[in-house]
Every structure is written in C-alpha cells, then in structure tokens.
Amino acid sequence: MPKPLSLAFDPIARADELWQQRWGAVPSMSAITSIMRAHQILLSEVDAVVKPYGLTFARYEALVLLTFSKAGELPMSKIGERLMVHPTSVTNTVDRLVTSGLVAKRPNPNDGRGTLATITGKGREVCDAATRDLMGMDFGLGAYDAEECAEIFAMLRPLRVAAGDFAAD
C-alpha cells in the first residue's frame, strides 16, 4: 500500500495555482497530474494484494485474459494486443508466469512461428484467489460507488478512442 503523504495541503492544487500564475490556466495539467498520482496509488494497492500470489498486476491481467479464452490459451501476439502492451512485455510477463508454474508455452499449431500461452490448473487457482481478494478491496476504488466507477470509465473512454485503442461505436 502507498505510504500516506499526510500533507496539510493538496500538492496538485498548489501546483495548479503556481502554474496559473506563471503560464496561465491549463486545467489539463492538474488533470494529468491527478491521473498519474491515482495510477501510482492504485497500482501500489493492487500490487500489494496480488504480491502474496507471486504476481504483479500485469501478470494477473494476463492470467485473467487466459481464463476468458475458450480453451484457456492464446497466441502471445493476441495477449499483447488485448493487454495493449509491447511484445517484449508480453514475453517477459508470460515467461515469469511459466517460471511460477501458472502458465505453459507451446508452439502454435496454426502458426509455425507463433507460440501459445496456456493457463495451468495452478494458474486458474491463483487467478481465482487473487480475483476474490481484488474484488474484496474493490480494485482499490472503494472510495467510489458503482455509479461513480461507471462515470470514471465513461470519462476515460474518449481518451482511449482518440489513442486508437479501438473504434468508437
């Protein structure tokens, strides 16, 4: 869990005030700074929950993705695409899961150059246990109710569309 800063003031609001004095009002500066700080807080909280399972949040996401597939396996390239990460990151993540016995790798019979990652029984057990724990702490978003979480999702969606993550409906 992140160490509380326990400041007597909001440092992002203070930075925004100073920014306005120096360069003028730029609401996007305080918004991005808030998003980046929220990312730090949330990643720290969820990593603390999955760490006892030998996972990072990135490894947990890969396990969950494999459980969503019909056969419990996906091509490495598909994992990278779905998790929106570079192929090198996928290889690193999956290799660590293989070392932990949570995933196995094998040649893709449909693509002579490709590799399939397959979740193991132990991987499913670890994924289920970590998921219970993450759901129990609302993935770090316990300060928000369900409606507010939906609003956060909706507010960030246009940013993801603009980045080209997917086509808008």
Can you name the closest pair of heavy atoms from [X] and [Y] and give their distance?
{"X": "I12", "Y": "D10", "value": "N-OD1, 2.9 Å"}
{"X": "P27", "Y": "S30", "value": "O-OG, 3.1 Å"}
{"X": "P109", "Y": "L116", "value": "CD-CD1, 3.8 Å"}

Nearest-0.5 Å distance that lies between atom [atom1] in [X] and atom [atom2] in [Y]:
{"X": "D165", "Y": "R160", "atom1": "CG", "atom2": "CZ", "answer": "6.0 Å"}
{"X": "L134", "Y": "F57", "atom1": "CG", "atom2": "CZ", "answer": "6.5 Å"}
{"X": "R82", "Y": "S77", "atom1": "CZ", "atom2": "OG", "answer": "10.0 Å"}
{"X": "R59", "Y": "C127", "atom1": "CZ", "atom2": "SG", "answer": "14.0 Å"}
{"X": "D16", "Y": "T33", "atom1": "CG", "atom2": "OG1", "answer": "8.5 Å"}
{"X": "E45", "Y": "L141", "atom1": "CD", "atom2": "CG", "answer": "8.5 Å"}

Measuring only between side-chain heavy atoms, which start at C-beta, is [X] closer than 4.5 Å to [Y]?
{"X": "L66", "Y": "V103", "answer": "yes"}
{"X": "V90", "Y": "L83", "answer": "no"}
{"X": "L42", "Y": "V46", "answer": "no"}
{"X": "R14", "Y": "L18", "answer": "yes"}
{"X": "V85", "Y": "T93", "answer": "no"}
{"X": "I119", "Y": "L102", "answer": "no"}
{"X": "M76", "Y": "V94", "answer": "yes"}
{"X": "T115", "Y": "P107", "answer": "no"}

Self-check item: Check ion pair E81-K78 (N to O, under 4.0 angstrom)
Solution: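 Yes, E81 and K78 are salt-bridged.
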Exercise. Evaluate the ring planes of Y60 and F139, with Trp represented by its six-membered ring, and classify them as parallel (under 30°), tilted (30 to 60°) or perpendicular (over 60°).
Key: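 Tilted, since the angle between the ring planes falls between 30° and 60°.
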Quiz prompt | Test side chain to side chain contact (heavy atoms under 4.5 Å, CB included) applied to R132 and D128, step by step | solution = CA-CA 6 Å; R132 278 191 301 276; D128 287 347; 3.9 Å; yes
Quiz prompt | Expected output: side-chain E148 to main-chain D145 donor-acceptor under 3.5 Å | solution =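 Confirmed, E148 side chain pairs with D145 backbone.
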Quiz prompt | Stepwise side chain to side chain donor-acceptor pair (under 3.5 Å) check, D138 with Y144 | solution = CA-CA 9 Å; D138 290 322; Y144 301 98; over 6 Å; no
Self-check item: Over 12 foreign heavy atoms within 6.0 Å of CZ, R96
Solution: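 Result for CZ/R96: open.
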Exercise. Go through K105 and D95 one step at a time and tell me if the side chain to side chain contact (heavy atoms under 4.5 Å, CB included) criterion holds.
Key: CA-CA 9 Å; K105 285 175 27 177; D95 285 350; 2.6 Å; yes
Exercise. Apply side chain to side chain contact (heavy atoms under 4.5 Å, CB included) to M84 and F166, showing your working.
Key: CA-CA 11 Å; M84 299 169 280; F166 57 95; over 6 Å; no
